[in-house]
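This report concerns only the one structure given below.
Quick caveat, the model's predicted, so the values are computed rather than measured. Proteins get letters first, then strands, A, B, ... in listed order; numbering begins at 1 in each.
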Protein chains: 2
Amino acid sequence: MSDIPLLPNHQSGPKKLTPEQENQQLKKIIRELGLKVTQQRMDILRIVKAGDRHFTAQDIFEAVSETNTSIGFATVYRFLKALSAKAFVTEVRMGGMPARYEWSSQEHHDHLTCTVCGKVVEFENDEIEKLQEEVAKSLGFILTDHILELFGVCSSTHCQKVYKSAPES
Amino acid sequence: MSDIPLLPNHQSGPKKLTPEQENQQLKKIIRELGLKVTQQRMDILRIVKAGDRHFTAQDIFEAVSETNTSIGFATVYRFLKALSAKAFVTEVRMGGMPARYEWSSQEHHDHLTCTVCGKVVEFENDEIEKLQEEVAKSLGFILTDHILELFGVCSSTHCQKVYKSAPES
DNA sequence: ATTATTTTGATAATGATTCTCAAGTTCAGG
DNA sequence: CCTGAACTTGAGAATCATTATCAAAATAAT
Ligand SMILES: [Mn+2]
Ligand SMILES: [Mn+2]
Ligand SMILES: [Zn+2]
Ligand SMILES: [Zn+2]
């Protein structure tokens, strides 16, 4: 949807890949899932992996349709499910709205989602992470994972207006 | 992990109310919403307000049906929506699961869950809450809600042993 | 009581996601 | 290159939670 810049997808590794090299990468991933390589899966994977945004199934469906392949929603959902089952992609869900998917980057981050337009902003905050560790430790736990999702209203005039005109909180 | 464990509603004030007093309380709330007092609304409110857990619309529908009144799902959803619009109840929507509602008077809390035995500990950390506000503000958002779930291994010898001997995940 | 205003609930509609299954594709082996 | 068994696809039906419709019923101000 919109385009307020976030954490840029700052990759560190080399990203000069020939199309053929990229294809080999994608195929390798598909095979790691124990699945057959199909045009649809290649297309979906290319989009999700290359993108620096959070895609909905609809986004991916449209993107794949645009290029060449005819594809069904079922295929998109099926493959995304397989990818997130093996943690290649992360599924971000917010009540009511369609799920969003992103390539699982190595870098940890949390999400701030606009409850009006669905925009997702990534952030990472070392202080919060540290406090989480402390909380866990103080309760006798070894912390192994966490989910932090913030919800709010983004700065777009549209969303601000909707928020202010809504029944007051 | 099938159920959503929560704070027992460890009481705050005096809760010795005659049925009539309780009814007056409930009516007052309904009128504060600018709505007419109906049997259905009384029933729904009584359940949500008294409960010590998170209810789904289904839960409430069943509970009300059991007692006396015939009631429709639409009525449950409508009234819950009105209640959460005015923040009398909190709506929690996660993933694809049905929304859950809880009376808002409970202290805010987050959860720390043992991934081995499933034990859930609640905690509350003002510093984290404050940092969340700051993060949202710095990204131009008005923060309206958040979900913070920590996962780890609790201090029980059993869970510690399982954790140490487990192959890495 | 009267009656204007709300509310209700059965049922249809919605929207995201999943399921079904006939037809099409992939790929290991020959 | 063929073949065929196993896998995959996509159109459409099915689910599931939630919302919208709307005529009939309940509420509350007069
Ligand atoms: Mn992200
Ligand atoms: Mn919290
Ligand atoms: Zn927004
Ligand atoms: Zn444990």
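Residue contacts shown for B/Arg31 are absent, as no nucleic acid heavy atom lies under 4.0 Å away. B/Thr56 comes within contact range of no nucleotide atom at all, as no heavy-atom separation falls under 4.0 Å. Using a 4.0 Å heavy-atom distance criterion, A/Arg41 is classed as a sugar-phosphate-only contact. Across all strands shown, B/Gln40 has heavy atoms under 4.0 Å from sugar-phosphate atoms exclusively, and none from any base.
Mapping B/Ala57 and A/Thr69 onto DNA chain D by nearest heavy atom places A/Thr69 closer to the 5' end of the strand. The residue among B/Ala99 and A/Gly72 whose nearest nucleotide of DNA chain D is located toward the 5' end is A/Gly72.
Between A/Arg93 atom CZ and C/dT18 atom C1' the separation is 11 Å, expressed in whole Å. Counting to the nearest Å, the P atom of D/dA17 and the CD atom of B/Glu62 are 11 Å from each other. One atom, CZ of B/Arg78, and another, C1' of D/dA17, lie 16 Å apart when rounded to the nearest Å. Atom P of nucleotide D/dT18 and atom CG of B/Leu80 are separated by 10 Å, given to the nearest angstrom. As a whole-Å value, the separation of A/Lys36 NZ from C/dT26 P is 9 Å. Protein atom CZ of B/Phe55 is 19 Å distant from nucleotide atom C1' of D/dA17, rounded to whole Å. C/dT6 atom C1' lies 14 Å from atom CG of B/Leu33, rounded to whole Å. Taking atom CZ on A/Phe61 and atom P on D/dA11, their separation rounds to 8 Å, with Å as the unit.
Aromatic rings of A/His146 and A/His108 (six-membered ring for Trp) have centroids within the 6.0 Å cut-off, being under it.
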Would you check, one step at a time, whether the test ring-ring contact (aromatic ring centres under 6.0 Å, His included) holds for A/Phe55 with A/Tyr101?
CA-CA 5 Å; A/Phe55 297 97; A/Tyr101 301 84; 9.5 Å; no
Dump the intermediate steps for side-chain contact (heavy atoms from CB on, under 4.5 Å) on B/Ile128 and A/Gln132, then the final yes or no.
CA-CA 8 Å; B/Ile128 292 179; A/Gln132 291 177 3; 4.2 Å; yes
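Picking from C/dT7, C/dA10, C/dC27 the nucleotide with the shortest atom distance to the side chain of B/Leu35 gives C/dT7. For B/Thr75, the side-chain atoms get nearest to C/dG9 when compared with the rest of C/dT7, C/dG9, C/dA16. If you check D/dA28, D/dA17, C/dC27 against the side chain of A/Val37, the one that comes closest is C/dC27. When distances run from any side-chain atom of B/Ile71 to the nucleotides D/dG12, C/dT17, C/dG9, the shortest one goes to C/dG9. For B/Ser70, the listed nucleotide lying nearest its side chain is C/dG9; candidates were D/dA17, C/dG9, C/dC27.
Remark: A/Tyr77 is in phosphate contact with C/dT17, judged by side-chain N or O atoms under 4.0 Å from OP1 or OP2. For A/Thr38 and D/dC7, the shortest distance from a side-chain N or O to OP1 or OP2 is not below 4.0 Å. The side chain of A/Gln39 places no N or O atom within less than 4.0 Å of a non-bridging phosphate oxygen (OP1 or OP2) of C/dT25.
Salt bridge annotation for B/Arg100-B/Glu102: absent, with no cationic side-chain nitrogen under 4.0 angstrom from a carboxylate oxygen. A salt bridge is absent between B/Lys86 and B/Glu32: the closest approach of a Lys/Arg side-chain nitrogen to an acidic carboxylate oxygen does not fall below 4.0 angstrom.
Contacts between residues 18-28 of chain A and DNA chain D, defined by a heavy-atom separation below 4.0 Å, involve no residue at all.
With respect to A/Val37, the side chain to side chain contact (heavy atoms under 4.5 Å, CB included) criterion is satisfied by exactly one of A/Leu26, A/Ile30, A/Asn23: A/Ile30.
A/Phe61 and A/Phe73 have parallel rings, their planes meeting at less than 30° on a 0 to 90° scale where 60° marks the start of perpendicular.
Inter-residue side-chain proximity for B/Leu150 and A/Phe141 is flagged as unmet; no heavy-atom pair is nearer than 4.5 Å.
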